[in-house]
Each structure stands twice: as structure tokens, then as C-alpha cells.
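Here is the structure we will look at, set down as C-alpha cells.
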Amino acid sequence: NKSIFIKAYFSHFDLDELNTRGVFVTIEDISSHQKAIQDAKTSKKQFEELADQLPEMLVETDLQGNIIYANQLALEKFEFTREEISTNFSVFDLLSPDDKHFIIQRFKEFNEEKKRHSSREYNVRSRTGKQFRIIISVNVIYINDVPEKIRGILIDVSERRKYEEE
């Protein structure tokens with residue numbers, strides 16, 4: 001008594017010379033496909049729950065710099081919502097003009113596969129303009145040997161810089 005997922009294909013046929021009509025039905029068991037989809041959803045949820053517990057910011061972008069994921073701390077620090085990042089919100093919008101050219105160059109190197117990792121300090125600003133200093137350590141994420149996205153850990157070093165300057 002086990003339930004399965006199926007996909008059914010229907011094809012009508014009409015054989016006039018035999019005065020015969022009917023429907024061919026092909027049934028495909030897609031249970032393993034449905035299970036893989038459910039497993040992927042569970043894995044994504046577990047990743048996001050873990051990422052939200054991290055004491056640092058975690059951000060993922062596509063290769064053009066559009067933010068595709070940010071953990072809760074990153075959302076809070078940069079003062080934006082999950083809904084806002086789902087509408088082509090660019091990481092370049094968070095950088096101060098002085099540092100924007102550095103990260104644009106890094107993304108170019110990532111896309112050309114000249115570089116797989118980078119770590120550097122940047123001046124950034126929140127959606128409301130609040131400025132702070134962070135260290136960004138990023139890695140290119142490859143899927144089937146093709147660069148797919150960029151994942152970065154962002155560490156706010158503003159307070160440390162303030163104490164070092166005093």
C-alpha cells in the first residue's frame with residue numbers, strides 16, 4: 001500500500017479504416033524525481049537555518065553581482081528585506097564609490113575564471129546610507145566545473161578600526 005507520483009501522457013487515435021477509436025495512455029513513475037525535489041527543498045531550508053545562526057554575514061550572488069541569498073544578519077546590517085533582494089538587488093549598490101572598482105574587477109576575474117577566491121577590506125553602506133567597514137572573503141561556487149555563483153562571508157570590522165585609530 002505505497003503511494004507513488006505518476007505523470008500520465010494521453011494520445012488520441014482514430015483508425016477510420018477499422019472504425020476504431022481510442023486513447024493511448026503512457027504512465028511514468030516520477031516518485032524518485034519528486035523525492036529529489038523534496039530533498040533539495042529540505043536541504044535548502046537546512047542551509048538557510050544554519051546560515052541564519054552564523055555570527056557573521058553570509059551573502060551569495062550570481063556572477064553579475066545580483067544578491068540571490070543573504071542570511072538574517074546581513075539583511076539586518078544592510079537594512080534590506082528578502083523581498084528586496086529577490087528583485088535583482090546588486091551587491092555593487094552596497095559599496096562605497098571608492099571601493100566599487102575593486103569589486104567590479106574581482107567579479108570580472110571570477111567570470112573569466114582567473115580567480116576563485118578573494119579576501120579584502122571594503123567600505124560599504126546600508127540601504128539607508130549608514131557606512132561601515134567590512135572584510136569580505138569570497139569563493140566562486142562551481143557546479144559541474146562551471147562557475148555558478150559567488151559566496152561571501154562578511155565581517156564587520158568598523159569597531160575594530162575605530163579602536164585602532166584612537
Ignoring hydrogens and angles, state whether a donor on the side chain of Arg106 or Ser118 is under 3.5 Å from an acceptor on the partner side chain. yes
Using the side chain to side chain contact (heavy atoms under 4.5 Å, CB included) rule, take Thr42 and Gln46 through it: C-alpha gap first, then chi angles, then the decisive distance, then the call. CA-CA 6 Å; Thr42 300; Gln46 288 172 335; 4.0 Å; yes
Listed partners of Phe92 passing ring-ring contact (aromatic ring centres under 6.0 Å, His included), at least two apart: Phe107
Between Leu63 and Ile104, is there shared hydrophobic-cluster membership here, with clusters defined by ILVMFWY side-chain heavy atoms closer than 4.5 Å? yes
Donor-acceptor pair, distance only, cut-off 3.5 Å: does the side chain of Ser158 make one with the backbone of Arg133? yes
What residues form a side-chain contact (heavy atoms from CB on, under 4.5 Å) with His117, not counting sequence neighbours? Ser119, Ser137, Asn139
Taking only residues two or more places apart in sequence or in another chain, which ones pass side chain to side chain donor-acceptor pair (under 3.5 Å) with Glu112? Lys114
Tell me the closest heavy-atom pair linking Ile136 and Tyr122, and the distance in Å. CD1-CD1, 3.5 Å
Not counting sequence neighbours, which residues clear side-chain contact (heavy atoms from CB on, under 4.5 Å) with Lys7? List them please. Tyr9, Glu28, Ile30
Could you grab the distance from atom CZ of Phe110 to atom OG1 of Thr61, nearest 0.5 Å is fine? 8.5 Å
Across all chains, not counting sequence neighbours, the side chain to side chain donor-acceptor pair (under 3.5 Å) partners of Arg116 are none
Please list, chain by chain and in numerical order, all residues satisfying ring-ring contact (aromatic ring centres under 6.0 Å, His included) with Phe10, sequence neighbours excluded. none
Are there more than 12 heavy atoms of other residues, nucleotides or ligands under 6.0 Å from atom CZ of Phe13? yes
Donor-acceptor pairs under 3.5 angstrom involving side-chain atoms of residues 140-151: please list them, not counting sequence neighbours.
| residue | atom | partner | partner atom | Å |
| --- | --- | --- | --- | --- |
| Lys149 | NZ | Glu60 | OE1 | 3.3 |
| Arg151 | NE | Glu60 | OE2 | 2.5 |
| Arg151 | NH2 | Glu60 | OE2 | 2.6 |

Let me see the working for Asp52 and Leu50 under side chain to side chain contact (heavy atoms under 4.5 Å, CB included), right down to the final yes or no. CA-CA 5 Å; Asp52 283 341; Leu50 175 64; over 6 Å; no
Heavy-atom check, side chain of Ile4 versus side chain of Gln34, under 4.5 Å: no
How long is the gap from CD on Glu49 to CG on Asn71, to the nearest 0.5 Å? 13.0 Å
Using a 6.0 Å distance limit plus a 45 degree cone around the ring axis, check whether Lys130 lies over the aromatic ring of Phe132. yes
Excluding sequence neighbours, so at least two apart, what forms side-chain contact (heavy atoms from CB on, under 4.5 Å) with Asp39? Lys35
If hydrophobic residues (ILVMFWY) are linked whenever their side-chain heavy atoms come closer than 4.5 Å, directly or via other members, who joins Ile155 in its cluster? Phe47, Leu54, Leu58, Tyr69, Ile135, Ile153, Val157
Excluding sequence neighbours, so at least two apart, what forms ring-ring contact (aromatic ring centres under 6.0 Å, His included) with Phe5? none
Applying salt bridge (charged side-chain N to carboxylate O under 4.0 Å, His left out) to Asp98 and Arg125, what does each step give before you reach the verdict? CA-CA 12 Å; Asp98 296 341; Arg125 61 178 181 251; over 6 Å; no
Identify whether Ile6 and Val23 are in the same connected component of the hydrophobic contact network (ILVMFWY, side-chain heavy atoms under 4.5 Å). yes
Side-chain donor-acceptor contacts of residues 74-81 below 3.5 Å, not counting sequence neighbours, with atom names and distances?
| residue | atom | partner | partner atom | Å |
| --- | --- | --- | --- | --- |
| Glu76 | OE2 | Gln72 | NE2 | 3.4 |
| Lys77 | NZ | Asp156 | OD2 | 2.6 |
| Glu79 | OE1 | Ser126 | OG | 2.5 |
| Glu79 | OE1 | Thr128 | OG1 | 2.2 |
| Thr81 | OG1 | Glu83 | N | 3.4 |
| Thr81 | OG1 | Glu83 | OE1 | 3.4 |
| Thr81 | OG1 | Glu84 | N | 3.1 |
| Thr81 | OG1 | Glu84 | OE1 | 3.4 |

Side chain to side chain donor-acceptor pair (under 3.5 Å) against Asp62, all qualifying residues, sequence neighbours excluded: Asn66
Okay, side chain of Arg21, backbone of His12: is any donor-acceptor separation there less than 3.5 Å? no
Going through the distances and angles, do Val59 and Ile67 end up as a side chain to side chain contact (heavy atoms under 4.5 Å, CB included)? CA-CA 7 Å; Val59 175; Ile67 299 173; 4.0 Å; yes
